[in-house]
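The structure presented is a predicted model; accordingly, all values stated were derived computationally and were not measured. A note on names: the letters A, B, ... follow the listed sequences, proteins ahead of strands, and every chain is numbered from 1.
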Protein chains: 2
Amino acid sequence: MPRNKVKFALIENENDRKLSYKKREKGFLTKAEELRTLCDVEMAAILYSPFNNEPKVFPNHGAAITTFEKLVELPTLKKSKNMVTSDEFTKKRIEKLNDKLLKVRKKNKVKEVTNEMYEMLKCKEISIDMHPYDLNDLSYVIKQKLIQCLQQQRILPFL
Amino acid sequence: MPRNKVKFALIENENDRKLSYKKREKGFLTKAEELRTLCDVEMAAILYSPFNNEPKVFPNHGAAITTFEKLVELPTLKKSKNMVTSDEFTKKRIEKLNDKLLKVRKKNKVKEVTNEMYEMLKCKEISIDMHPYDLNDLSYVIKQKLIQCLQQQRILPFL
DNA sequence: CGACCTATACTTAGGCT
DNA sequence: AAGCCTAAGTATAGGTC
């Protein structure tokens with residue numbers, strides 16, 4: 001970002017990519033630690049990069065696994081609870097997002113968001129092994145992505 | 001950090017803490033996405049905060065589980081491979097860190113690092129359920145922590 | 001709350017060693 | 001590769017609405 005602005009896309013040159021990775025990994029882990037310490041958040045992160053022999057694990061292997069295991073148990077707990085409330089919540093979030101999208105489109109003079117545009121974003125966002133748990137949020141995620149692209153005036157993949 | 005510099009410690013006021021969390025969560029997830037996209041890293045992160053009903057999962061529930069499962073399987077794989085190489089590697093890293101520590105101590109006029117200081121840091125860093133996999137790196141982690149404290153001129157817990 | 005603002009702290013691309 | 005430097009892009013504390 002300094003000196004030159006970096007395009008939000010894979011850094012093609014491997015050497016540059018490695019350099020960037022090393023710097024950003026450090027930055028990312030610092031941010032993680034700040035967040036954890038300042039705000040007392042239980043968190044875990046893993047980074048698998050071709051530039052490290054072993055994965056980077058935050059804050060450490062054991063704690064990460066403990067945190068992760070809580071996540072695995074979560075969907076079961078949720079099922080027995082109030083799915084309805086959760087859906088209402090999602091609905092409201094999406095409505096809000098629609099308003100925002102409209103605003104951003106106007107500002108950036110994007111006349112319409114075609115189905116094709118959604119499809120392109122969907123392909124980028126959905127992985128084959130996506131958990132059903134996420135599918136509720138799919139529309140939300142895609143719209144959010146779109147807004148982000150427009151706001152940051154990134155070159156959209158379909159333009 | 002802007003306007004006023006923030007102390008690297010828990011934000012005591014709950015309202016401030018929540019405010020900070022919301023902003024930093026957003027920043028953290030942005031950084032995660034940048035790192036993933038720019039450098040093509042397979043990564044996952046989980047955040048449990050009292051300020052969200054559900055954990056924040058990056059990039060999504062399913063992908064995070066896939067990534068974390070790789071981590072769970074890792075120690076088994078490692079055992080059957082070359083532990084020696086790994087130990088050599090750790091040794092070198094620690095040697096290097098020792099040099100750095102010496103430099104930083106001089107610069108900050110910290111005459112010596114007592115065992116007591118190490119113990120204090122150890123208590124803060126080690127969790128009871130720490131995985132044996134991490135214990136190799138303990139010395140490294142503690143030294144790194146110490147250097148970081150000195151460099152950032154944080155108020156050390158034992159001073 | 002969450003969105004927006006702004007000044008300042010922080011991060012980092014590119015260059016050099 | 002790893003460290004340091006610097007300029008310029010980002011993030012965010014504190015504040016307002």
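- Taking atom CG on Asn4(B) and atom C1' on dA11(D), their separation rounds to 15 Å, with Å as the unit.
- Taking atom CG of residue Leu29(B) and atom C1' of nucleotide dT10(D), one finds them 16 Å apart after rounding to whole Å.
- Which of dT6(C), dT10(D), dC10(C) sits closest to the side chain of Lys31(A) comes down to dC10(C).
- Residue Lys7(A) contributes atom NZ, which lies 18 Å from atom C1' of dG14(C) at whole-angstrom precision.
- Across every non-hydrogen atom of Pro59(B) and Ala44(B), the tightest pair is CD-CA, 4.3 Å.
- Closest of all the heavy-atom pairs between Leu47(B) and Met43(A) is CD2-CE, 3.3 Å.
- Partners of Lys18(B) according to the side-chain contact (heavy atoms from CB on, under 4.5 Å) rule, which considers only residues two or more places apart in sequence or in another chain, are Lys22(B), Phe51(B).
- A straight line from CG of Asn15(A) to P of dA13(C) spans 13 Å, rounded to a whole angstrom.
- The existence of a salt bridge linking Glu42(A) and Lys70(A) is confirmed by a sub-4.0 Å separation between a basic side-chain nitrogen and an acidic carboxylate oxygen.
- For Glu69(B), the salt bridge (Lys or Arg N to Asp or Glu O under 4.0 Å) test picks out no residue, with sequence neighbours left out.
- Distance Glu34(B) CD to dT11(C) C1': 10 Å, rounded to the nearest Å.
- Between Glu33(B) atom CD and dA11(D) atom P there is a gap of 12 Å when expressed in whole angstrom units.
- The nearest whole Å value for the distance from the CG atom in Asn13(B) to the P atom in dG15(D) is 12 Å.
- Side chain of Ser20(A) to main chain of Asp16(A): no donor-acceptor pair is present (N/O by atom type, distance under 3.5 Å, no hydrogens or angles).
- If you check residues 18-28 of chain B against DNA chain D, the residues with a heavy atom closer than 4.0 Å are Ser20(B), Lys23(B), Arg24(B), Gly27(B), listed by number.
- Atom pair Asn52(A):CG and dA2(D):C1' shows a separation of 14 Å (rounding to whole Å applied).
- Closest to the Lys5(A) side chain, of the nucleotides dT11(C), dA11(D), dG9(D), is dG9(D).
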